[in-house]
Novice: 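A single structure is presented below for examination.
Computed from a predicted structure; not experimentally measured.
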Amino acid sequence: MGTQESDEQTGGTGRRALLGAAVLGAGGAVLGLSGTARAADARHGGGRGGGVKSLPVPTVIGHRGASGYRPEHTFGAYELALDMGADIVEAGDLVPTRDGHLVCRHEPEIGGTTDVADHPEFADRKRTKLLDGVSTTGWFTEDFTLAELKTLRATERIPANRPHNTLYDGRWEIPTFEEVLRWQNEQTRKRGKQVWIYPELKHPTYFRKLGLATEERLARLLRKYGKDRKNSPVIIQSFEPTSIQRMSRLVGNPLAVLLSGAKSRPWDFVESGDPRTTADLVTPAGLKEIASYAQGIGPTLDLIIPKDSAGRLTEPTTLVRDAHRAGLILHPYTMRNENPFLPADFRKGGDPDAYGDVFGAFRAYFATGIDGVFTDHPDTGVLAREDFLAG
């Protein structure tokens, strides 16, 4: 998921207790998923027709894997998300290397997600660039070959928030998207059920101007592995509507437009002079236009239920209803267990590292009728769905 979301700081107190419960109960949670899926199918008609209609609703999407427990966009995070019962894994945020390979990183700047700063041979690669209008300093994937990137190892992106995740720093390398596609096939065979992935095209306008267009590279890989069709288990997302329009002409996959704050403008709109904001895109007319080339939207949770000045939830907007009327599914982002990421009315105590009443927050968002949600903690999402469907 993109940089448009909040990266508030949080921590890890209580994480081991919850994770321990999740792992000890993983058999029950995962085995219970089939019951949850049946309940969802009965309620929403899923499981028939293949494609996205075969997914349980609400769909639990592992945000960059199980990034609440492992460094994000690593095979460790991806596999743990599946172990915890995620229906889809967001694998991954796609950015190109200098020699044209797509790799999985949260951003093209990798100083915060790898050990590149510890490699003296790459010290001279540090740059300051204008990334979608924001001056950004660090090391960028487009300045490295794939072979060079493979000498790096992934690290926890927010160690002050998730110190326990730093235990795994250095364990995994940066995956390519082609490796992810092969991994998807392997995991599908191993687990005896179709594994779904939800890659995001990051900063496509920025990369196109550098001569590293990502849409065509993604399309070629999907075609190579026979995953470019309507019912293929790969949903493609981007914060840039024109990028999704381009993908709609290249592949048949289900597509989703990501939506940030109401006052924000997609960067491709900024570059082209399109004056519309996200607020324009979530009107009935804007949603109808999106539905002409995409099957879903990924709005920030604040577009589903806004918060007041104290950070408490207010009344839901009409976005869920309006999107459904346009024929679009909604997969908002991002649910996290830690207090600072939760609405103020679901936080517990003053400890910024403690887990809050995340089950209550899930219940509030599920009640709006959303079709699924991205979460850093898939085990929590699966249990919350079971609670919600049980009434």
Side-chain angles (χ1 to χ4, degrees), residues 1-12 15 63-78 80 90-180 199-203 206-207 209-210 212 214 334 336 338 340-341 352-353 376:
M1 193 60 61
T3 52
Q4 284 86 342
E5 69 182 279
S6 169
D7 280 335
E8 294 176 80
Q9 299 298 295
T10 185
R15 178 176 294 101
H63 185 233
R64 308 175 198 159
S67 55
Y69 306 115
R70 299 289 188 272
E72 64 192 28
H73 287 313
T74 60
F75 283 121
Y78 296 161
L80 184 58
E90 189 191 28
D93 292 333
L94 304 182
V95 292
T97 65
R98 187 173 68 195
D99 47 349
H101 296 275
L102 292 179
V103 296
C104 304
R105 286 293 84 193
H106 171 50
E107 285 292 322
E109 198 292 299
I110 56 173
T113 60
T114 73
D115 61 358
V116 65
D118 297 330
H119 285 251
E121 68 272 24
F122 298 136
D124 62 350
R125 304 285 179 92
K126 193 171 186 180
R127 303 278 191 276
T128 296
K129 300 189 179 189
L130 204 60
L131 182 61
D132 289 3
V134 177
S135 180
T136 305
T137 299
W139 291 263
F140 296 81
T141 59
E142 66 267 23
D143 296 330
F144 291 78
T145 65
L146 178 60
E148 289 172 332
L149 285 181
K150 283 294 188 178
T151 67
L152 307 180
R153 291 296 180 268
T155 60
E156 171 56 38
R157 182 175 61 87
I158 45 176
N161 300 344
R162 293 170 173 168
H164 297 304
N165 291 7
T166 63
L167 174 66
Y168 305 100
D169 284 356
R171 181 169 290 270
W172 294 287
E173 62 181 26
I174 298 173
T176 68
F177 188 61
E178 185 162 16
E179 289 169 343
V180 164
E200 178 188 343
L201 287 162
K202 301 301 295 276
H203 308 289
Y206 168 81
F207 287 119
K209 291 175 71 174
L210 293 177
L212 291 168
T214 51
T334 304
R336 298 178 169 101
E338 298 95 347
F341 297 126
D353 288 348
D376 286 10

Novice: Roughly how far, to the nearest 0.5 Å, is CZ of F207 from OG1 of T141?
Specialist: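 With rounding to 0.5 Å, OG1 (T141) is 4.5 Å from CZ (F207).
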
Novice: Check whether R336 reaches the backbone of G68 with its side chain - one donor and one acceptor, N or O, closer than 3.5 Å.
Specialist: no

Novice: Drop me the distance from W139's CH2 to D124's CG, to the nearest 0.5 angstrom.
Specialist: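 Nearest 0.5 Å value for the CH2-CG distance: 10.5 Å.
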
Novice: Within the distance-only criterion (no hydrogens, no angle test), does the side chain of R105 pair as donor or acceptor with the backbone N or O of T113 below 3.5 angstrom?
Specialist: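 It does hold such a pair.
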
Novice: Within a reach of under 6.0 Å around CZ of R127, are more than 12 heavy atoms found that belong to other residues, nucleotides or ligands?
Specialist: yes

Novice: Please check: side-chain N/O of K150 versus main-chain N/O of I174, any donor-acceptor pairing under 3.5 Å?
Specialist: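 The answer is yes, because a donor-acceptor pair under 3.5 Å joins these two groups.
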
Novice: D115 side chain to G170 main-chain N or O, any donor-acceptor pair under 3.5 Å?
Specialist: no

Novice: Would a distance-only check, ignoring hydrogens and angles, find a side-chain to backbone donor-acceptor pair under 3.5 Å from D169 to E156?
Specialist: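 Yes, because the side chain of D169 sits within donor-acceptor range (under 3.5 Å) of the backbone of E156.
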
Novice: Got a donor-acceptor contact below 3.5 angstrom from the E200 side chain to the D93 backbone?
Specialist: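 A pair under 3.5 Å: no.
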
Novice: Please report the C-alpha distance between E90 and Y78 in whole Å, then the side-chain angles of each, then the deciding distance to 0.1 Å, and finally whether the side chain to side chain contact (heavy atoms under 4.5 Å, CB included) criterion is met.
Specialist: CA-CA 8 Å; E90 189 191 28; Y78 296 161; over 6 Å; no

Novice: Give the minimum heavy-atom separation between W172 and R70, together with the two atoms involved.
Specialist: CH2-CD, 3.8 Å

Novice: To the nearest 0.5 angstrom, please state how far the OH atom of Y69 sits from the NE2 atom of H164.
Specialist: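 It comes to 11.5 Å.
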
Novice: Just verifying a value: how many Å separate H203 NE2 and T214 OG1, rounded to the nearest 0.5 Å?
Specialist: 10.5 Å

Novice: Do T128 side-chain atoms and T137 backbone N/O form a donor-acceptor pair below 3.5 Å?
Specialist: no

Novice: Check the pair T176, C104 against side chain to side chain contact (heavy atoms under 4.5 Å, CB included), reporting the backbone distance first and the verdict last.
Specialist: CA-CA 6 Å; T176 68; C104 304; over 6 Å; no

Novice: Do F144 and V116 have side chains that approach each other closer than 4.5 Å (heavy atoms only, starting at C-beta)?
Specialist: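 Yes, at least one pair of side-chain atoms sits under 4.5 Å.
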
Novice: Looking at N165 and S67, what are the two nearest heavy atoms and their distance?
Specialist: ND2-O, 3.3 Å

Novice: Nearest 0.5 angstrom please: E72 CD to H106 NE2, how far?
Specialist: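 Going from the CD atom of E72 to the NE2 atom of H106 covers 6.0 Å.
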
Novice: For the pair R162 and E338, evaluate salt bridge (charged side-chain N to carboxylate O under 4.0 Å, His left out) and give the outcome as yes or no after the intermediate values.
Specialist: CA-CA 10 Å; R162 293 170 173 168; E338 298 95 347; 3.0 Å; yes

Novice: Ignoring hydrogens, what is the shortest heavy-atom contact between V180 and P175? Give both atom names and the distance.
Specialist: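 Taking every non-hydrogen atom into account, CG2-CB, 4.4 Å.
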
Novice: Please walk me through it: do R64 and R157 pass side chain to side chain contact (heavy atoms under 4.5 Å, CB included)?
Specialist: CA-CA 12 Å; R64 308 175 198 159; R157 182 175 61 87; 3.1 Å; yes

Novice: Which heavy atom in A77 sits nearest to a heavy atom in P71, and how many Å separate them?
Specialist: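 Closest approach of A77 to P71, heavy atoms only: CB-O, 3.4 Å.
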
Novice: Hey, what's the ring geometry for F122 with H119, parallel, tilted or perpendicular (30° and 60° as the breaks)?
Specialist: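 Rings of F122 and H119: parallel, under 30°.
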
Novice: If only atom types and distance count, is the side chain of E142 paired as donor or acceptor with the main-chain N or O of R98 below 3.5 Å?
Specialist: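 Such a contact is absent between E142 side chain and R98 backbone.
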
Novice: Examine distances only and state if a side-chain atom of R125 and a backbone atom of D143 form a donor-acceptor pair shorter than 3.5 Å.
Specialist: yes

Novice: Measure the CG-CG distance between D99 and L146 for me, rounded to the nearest 0.5 Å.
Specialist: 6.0 Å

Novice: Would T155 and T166 satisfy side chain to side chain contact (heavy atoms under 4.5 Å, CB included), going step by step from the backbone distance to the final call?
Specialist: CA-CA 7 Å; T155 60; T166 63; over 6 Å; no

